[in-house]
Amino acid sequence: MTRNISGGRKTAFYLGTALMAIGLLLFLSTFFSAAMDWGGGFGRDSESQSRSMMFRAFGGMALIGVGAFIRGVGARGLAGSGVVLDPEQAEKDLEPFSRMAGGMVQDVLEEADIDLGGRSEKVVMIKCQACATLNEDGSRFCQECGKEL
Ligand SMILES: [Zn+2]
């Protein structure tokens with residue numbers, strides 16, 4: 001069962017990512033400006049410069065916030081992000097997302113070689129035809145009723 005994320009949501013995801021990147025650049029640029037300003041000494045228009053830096057810092061942060069929101073909506077869908085209250089749709093919207101997250105967790109666990117409840121050591125049981133008792137794989141007779149398996 002494969003459910004694809006709609007094109008609109010993909011676009012929103014990439015748009016949000018781009019906005020976040022732009023916001024981050026804008027935000028970081030203030031530090032570069034500050035460093036250059038500090039190195040070169042304060043100019044005559046330092047006041048307007050610091051004002052533009054404030055603007056860029058806050059504008060950058062706002063862009064990151066908006067970008068993160070749009071990105072989240074793109075990733076989880078409108079219902080999944082809580083924009084539209086629709087639990088059923090939210091579940092559908094979140095499915096690819098949680099599947100992805102679950103896959104990542106699984107990958108990490110496999111990478112770290114963590115065994116969750118003996119998943120790698122799968123025990124095969126044979127069901128007795130007569131009494132329905134589960135017997136260990138390889139056993140020839142039922143441990144409960146003694147009938148041949
Ligand atoms: Zn039996």
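Both ligands and their constituent atoms are indexed starting at 1 by order of listing.
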**Prompt:** Are there any protein N/O/S atoms under 2.8 Å from the Zn ion (ligand 1), and if so, which?
**Reply:**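 Atoms qualifying: C128 SG, C131 SG, C142 SG, C145 SG.
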Side chains of residues 54-64: which donor-acceptor pairs under 3.5 Å do they make with residues two or more places apart or in other chains?
from, atom 1, to, atom 2, distance (Å)
R56, NH1, S29, OG, 3.2
R56, NH1, S33, OG, 3.4
R56, NH2, S33, OG, 3.2

**Message:** Let me confirm one number: the CG-NZ distance from L149 to K127, rounded to the nearest 0.5 Å.
**Reply:**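 Separation between the atoms: 12.5 Å.
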**Message:** What's the separation between atom NZ in K147 and atom CG in N135, rounded to the nearest 0.5 Å?
**Reply:**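 Interatomic distance, K147 NZ to N135 CG, rounded to 0.5 Å: 13.0 Å.
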**Prompt:** Nearest heavy-atom pair of S139 and I126: which atoms, and what distance?
**Reply:**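 Where S139 meets I126 most closely, the heavy atoms are O-CD1, 4.2 Å.
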**Request:** With sequence neighbours excluded, give me every salt bridge (Lys or Arg N to Asp or Glu O under 4.0 Å) pair touching residues 130-146.
**Result:**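 Passing the test, one end in residues 130-146: R140-E148.
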**Prompt:** Who else is in F13's hydrophobic cluster (ILVMFWY, side-chain heavy atoms under 4.5 Å, direct or via others)?
**Reply:**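 Cluster partners of F13: Y14.
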